[in-house]
Amino acid sequence: MLQIRPAAVHDLPGAYRVCLLTGDSGEDARASHGDPDLLGHVFVGPYIVGQPGLARVLVDEGGVAGYRLAAEDTRAFEAWTDAHWWPALRERYPRRDDGTPDGSLIAAIHDPPRVPDVIVRAHPAHLHIDLLERARGQGLGRVLIEGLLDDLRQRGVGGVHLEVGEQNAGGIGFYEHLGFRRLDVRPGSVLMGIRLD
């Protein structure tokens with residue numbers, strides 16, 4: 001029986017595992033990453049620790065099977081991560097330019113990519129969502145996203161954006177079905193967003 005509940009710090013190991021098992025455009029990324037925690041450090045940890053009010057996990061008897069993470073103010077979240085999240089990771093992971101997926105994540109720890117101002121002005125919040133295979137096909141992704149959109153509306157947030165892998169046609173179609181539209185294309189990814197007013 002799958003249940004959605006608020007995420008807590010004790011969910012970090014399970015959520016990190018979900019991130020790794022879905023980290024290749026929804027598929028298993030273990031073969032690409034020597035350090036199994038790097039994806040979680042970038043895409044999961046700062047949200048559960050720094051934005052717990054919007055973080056939800058999907059759990060069953062096997063543990064964490066998915067999550068929905070978000071920041072209601074992208075620029076404020078970036079400032080928080082710069083001050084509180086990245087410094088310890090920058091010490092743990094010195095810069096390296098080796099062309100590997102791990103190297104790219106380490107580069108993102110040292111120089112986090114920023115979404116253009118024009119997108120953040122209209123879509124100040126952003127989100128991440130990932131579900132393991134056993135949690136897919138039951139409408140739970142839609143429930144998680146619609147719950148987040150309601151939460152953001154109640155907080156007076158005017159829009160939300162996300163980034164999805166360019167090759168993830170299923171993910172792009174899912175977001176388009178929920179009303180998200182393409183805002184920008186980056187190398188290897190698509191920025192999508194939805195207005196909430």
Side-chain angles (χ1 to χ4, degrees), residues 19 22-26 29 32 38-55 67-87 89-90 93 95-97 99-130 141 144-197:
C19 189
T22 60
D24 182 10
S25 291
S32 301
L38 270 170
L39 276 167
H41 287 328
V42 173
F43 296 110
V44 173
Y47 298 90
I48 291 178
V49 173
Q51 294 279 286
L54 293 172
Y67 54 74
R68 175 207 84 191
L69 310 170
E72 68 179 282
D73 180 331
T74 294
R75 294 295 184 242
F77 178 74
E78 290 168 348
W80 181 87
T81 56
D82 286 342
H84 303 285
W85 189 256
W86 301 131
L89 290 171
R90 288 170 180 155
Y93 296 101
R95 287 179 186 269
R96 70 183 205 214
D97 186 14
T100 66
D102 281 359
S104 295
L105 289 168
I106 291 168
I109 287 169
H110 286 273
D111 295 303
R114 306 291 193 214
V115 174
D117 287 339
V118 66
I119 291 176
V120 173
R121 277 194 298 271
H123 306 85
H126 70 271
L127 72 92
H128 296 285
I129 181 171
D130 285 302
L144 285 165
I145 295 288
E146 289 179 345
L148 173 64
L149 300 184
D150 288 343
D151 288 347
L152 292 173
R153 282 188 191 98
Q154 290 173 14
R155 293 170 180 233
V157 177
V160 60
H161 69 272
L162 59 88
E163 190 168 0
V164 62
E166 191 177 34
Q167 304 301 320
N168 189 352
I172 292 170
F174 167 73
Y175 295 119
E176 288 178 334
H177 185 70
L178 291 176
F180 286 76
R181 63 181 184 86
R182 297 174 194 227
L183 303 173
D184 193 16
V185 177
R186 296 176 157 194
S189 67
V190 178
L191 284 169
M192 304 183 73
I194 187 171
R195 290 291 302 166
L196 301 176
D197 48 13

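Keep in mind the model is a prediction, meaning the values are calculated, not measured.
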**Message:** Arg186 vs Val115, test: side-chain contact (heavy atoms from CB on, under 4.5 Å). Steps then yes/no.
**Reply:** CA-CA 10 Å; Arg186 296 176 157 194; Val115 174; 4.2 Å; yes
**Message:** Pair Tyr67, Ile48 - check side-chain contact (heavy atoms from CB on, under 4.5 Å), show working.
**Reply:** CA-CA 10 Å; Tyr67 54 74; Ile48 291 178; 5.9 Å; no
**Item:** Candidate pair Ile145 and Ile129, rule side-chain contact (heavy atoms from CB on, under 4.5 Å), full reasoning
**Value:** CA-CA 8 Å; Ile145 295 288; Ile129 181 171; 3.9 Å; yes
**Derivation of the ring pair (Phe, Tyr, Trp, His ring centres under 6.0 Å) call for Phe77 and Tyr47** = CA-CA 9 Å; Phe77 178 74; Tyr47 298 90; 4.5 Å; yes
**Message:** Using side-chain hydrogen bond (donor to acceptor under 3.5 Å, both in side chains), reason through Glu163 and Ser189 one step at a time and then give a plain yes or no.
**Reply:** CA-CA 6 Å; Glu163 190 168 0; Ser189 67; 2.5 Å; yes
**Request:** Test side-chain contact (heavy atoms from CB on, under 4.5 Å) on His161 and Val120 and set out the steps.
**Result:** CA-CA 8 Å; His161 69 272; Val120 173; 4.3 Å; yes
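Side-chain contact between Arg182 and Ile172 is present, with at least one heavy-atom pair separated by less than 4.5 Å. Between Cys19 and Val42 there is no side-chain heavy-atom pair separated by less than 4.5 Å. Between Leu54 and Leu152 the shortest side-chain heavy-atom distance falls below 4.5 Å. Between Asp24 and Pro101 there is no side-chain heavy-atom pair separated by less than 4.5 Å. Contact annotation: the side chain of Asp151 never approaches that of Glu72 to less than 4.5 Å [non-hydrogen atoms, C-beta and beyond]. Phe43 has its side chain out of reach of Asp130: every pair of non-hydrogen atoms, C-beta onward, lies at least 4.5 Å apart. Between His128 and Val44, the closest side-chain pair of non-hydrogen atoms is not below 4.5 Å. Contact annotation: the side chain of Asp73 never approaches that of Trp80 to less than 4.5 Å [non-hydrogen atoms, C-beta and beyond].
Interatomic distance, Arg153 CZ to Leu148 CG, rounded to the nearest 0.5 Å: 9.5 Å. Residue Leu127 holds its CG atom at 7.5 Å from CG of Leu149, rounded to the nearest 0.5 Å. Atom CE of Met192 and atom NE2 of His123 lie 10.5 Å apart (nearest 0.5 Å). How far CD of Gln51 is from OG1 of Thr81: 10.0 Å, rounded to the nearest 0.5 Å. Here Leu39 contributes atom CG and Ser32 contributes atom OG; the two are 9.0 Å apart, rounded to the nearest 0.5 Å. Interatomic distance, Arg121 CZ to Thr74 OG1, rounded to the nearest 0.5 Å: 13.0 Å.
Heavy atoms only, all atoms of each residue included: Pro46 and Gly40 are closest at CD-O, 4.3 Å. When all heavy atoms are compared, the tightest approach of Ala29 to Gly23 is CB-C, 3.7 Å. Heavy atoms only, all atoms of each residue included: Arg114 and Asp82 are closest at NH2-OD2, 2.8 Å. When every heavy atom of Ala125 is checked against every heavy atom of Val157, the shortest pair comes out as CB-CG1, 3.8 Å. Among all heavy-atom pairs drawn from Arg90 and Ile109, the shortest one is NE-O, 2.9 Å. Shortest non-hydrogen contact noted between Ser25 and Gln167 is OG-CB, 4.5 Å.
Between the side chain of Trp86 and the backbone N or O of Ala108, no donor-acceptor pair lies under 3.5 Å. When atom types are taken as modelled, the side chain of Arg95 and the backbone of Ile106 share no donor-acceptor pair closer than 3.5 angstrom.
A perpendicular orientation is assigned to the rings of Phe180 and Tyr175, their planes being inclined by more than 60° (bins at 30° and 60°).
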